[in-house]
Amino acid sequence: MKLNSGDTFRIKTKRGYFFLQYFETTEAIEYVRVLAPVSRDGNITQEEIDKKERWIVGFPVKAATHKKIIERIGNFQIPKNFAIPQYARSMHNIRGEHLGWHIVDRYSWHRQFKPVLNEEELKLSPWGIWNATLLIDRLENDWSLPEWK
């Protein structure tokens, strides 16, 4: 399966259909925008796609499509105001104790430790690759970046 920037997929949850928009692959990681709309009928419009995404994350699009976890619904334009973020964040825990955060450069994988996040860093998407189980759980529980402290 060949992925094209703008390919949009839906994933069924208990709350309805959520949508993912593929935008690039780097270092064999497929990145998607997790879109804001929730739909009962599984349809989405370009206007809804143009809204700010919930977050961005690495997600195995090809594998999830092959296993019929997600379904391709078409190719939509990536919003003109969308800029691929250079940085993401991950929790830094040792032996179950939260010590702070790593701010990760998506291209060089260089990490910078931060004990506390500032206002802008709270808006950074998670670093890493999520599986479908984690993604669905976060969507069904209305997980958001600002609450992830």
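Applying the side-chain contact (heavy atoms from CB on, under 4.5 Å) criterion to Ala63, with sequence neighbours excluded, gives Pro60. Applying the side chain to side chain donor-acceptor pair (under 3.5 Å) test to Tyr87 and every residue at least two apart in sequence or in another chain returns nothing. Scanning for side chain to side chain donor-acceptor pair (under 3.5 Å) contacts around Thr25 gives Tyr22, with sequence neighbours left out. In terms of the ring-ring contact (aromatic ring centres under 6.0 Å, His included) criterion, His110 has no residue partners (sequence neighbours excluded). The side chain to side chain donor-acceptor pair (under 3.5 Å) test applied to Lys123 returns Glu120, not counting sequence neighbours. For Asn81, the side-chain contact (heavy atoms from CB on, under 4.5 Å) partners are Pro79, not counting sequence neighbours. Residues that satisfy the ring-ring contact (aromatic ring centres under 6.0 Å, His included) test with Trp55, not counting sequence neighbours, are Trp130, Trp143. Residues that satisfy the ring-ring contact (aromatic ring centres under 6.0 Å, His included) test with His66, not counting sequence neighbours, are absent from this structure. Listed by chain and residue number, nothing satisfies the ring-ring contact (aromatic ring centres under 6.0 Å, His included) test with Tyr107 (two or more places apart in sequence, or in another chain).
With rounding to the nearest 0.5 Å, the separation of CG in Leu99 from CD1 in Ile94 is 5.0 Å. To the nearest 0.5 Å, the span separating NE2 on His102 from CH2 on Trp127 amounts to 12.5 Å. To the nearest 0.5 angstrom, Ser125 atom OG is 8.5 Å from Trp148 atom CH2.
Residue pairs meeting the salt bridge (charged side-chain N to carboxylate O under 4.0 Å, His left out) criterion with at least one partner in residues 27-52, sequence neighbours excluded, are Arg33-Glu53. Pairs engaging residues 99-119 under the salt bridge (charged side-chain N to carboxylate O under 4.0 Å, His left out) rule: Glu24-Arg106, Lys114-Glu121 [sequence neighbours left out]. Applying the salt bridge (charged side-chain N to carboxylate O under 4.0 Å, His left out) test to every pair with at least one member in residues 128-145, sequence neighbours left out, gives these pairs: Arg15-Asp142, Arg54-Asp142.
Cluster annotation: Val34 and Ile49 are assigned to distinct hydrophobic clusters (Ile/Leu/Val/Met/Phe/Trp/Tyr, side-chain heavy-atom contacts under 4.5 Å, transitive). Hydrophobic clustering (side-chain heavy atoms under 4.5 Å, transitive across Ile, Leu, Val, Met, Phe, Trp, Tyr) keeps Ile56 apart from Leu134. In the hydrophobic cluster analysis, where Ile, Leu, Val, Met, Phe, Trp and Tyr join through side-chain heavy atoms closer than 4.5 angstrom, Ile70 is grouped together with Met1. In the hydrophobic clustering of this structure, Met91 groups with Leu145; members are Ile, Leu, Val, Met, Phe, Trp, Tyr whose side-chain heavy atoms approach within less than 4.5 Å, directly or through other members. One hydrophobic cluster, built from ILVMFWY side chains closer than 4.5 Å, holds both Ile78 and Ile29.
Annotation: side chain of Tyr31 is not in contact with side chain of Val57 (no heavy-atom distance under 4.5 Å). Side-chain contact between Pro37 and Ile44 is present, with heavy atoms from C-beta onward closer than 4.5 Å. Leu3 is listed as a side-chain neighbour of Val61, based on a closest heavy-atom distance under 4.5 Å. Two residues are said to be in side-chain contact when any heavy atoms from C-beta on lie closer than 4.5 Å; Ile11 and Phe9 fail this criterion.
For the pair Arg10 and Phe19, the cation-pi test (distance below 6.0 Å, angle within 45°) is failed.
In this structure, the side chain of Ser39 engages the main chain of Asn43 through a donor-acceptor pair within 3.5 Å. At least one donor-acceptor pair under 3.5 Å links the side chain of Gln21 to the backbone N or O of Phe76. A donor-acceptor pair is defined here as one N or O able to donate and one able to accept, closer than 3.5 Å; no such pair exists between the side chain of Arg89 and the backbone of Ile103.
Tested against Arg72, the residues Thr8, Thr65, Asp7 include a single side chain to side chain donor-acceptor pair (under 3.5 Å) partner, Asp7.
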Checklist entry - Could you walk me through whether Lys12 and Tyr17 pass the side-chain contact (heavy atoms from CB on, under 4.5 Å) check? => result CA-CA 5 Å; Lys12 189 173 182 164; Tyr17 290 95; 3.8 Å; yes
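Checked against the 6.0 Å centroid threshold, Phe82 and Phe23 count as a close aromatic pair.
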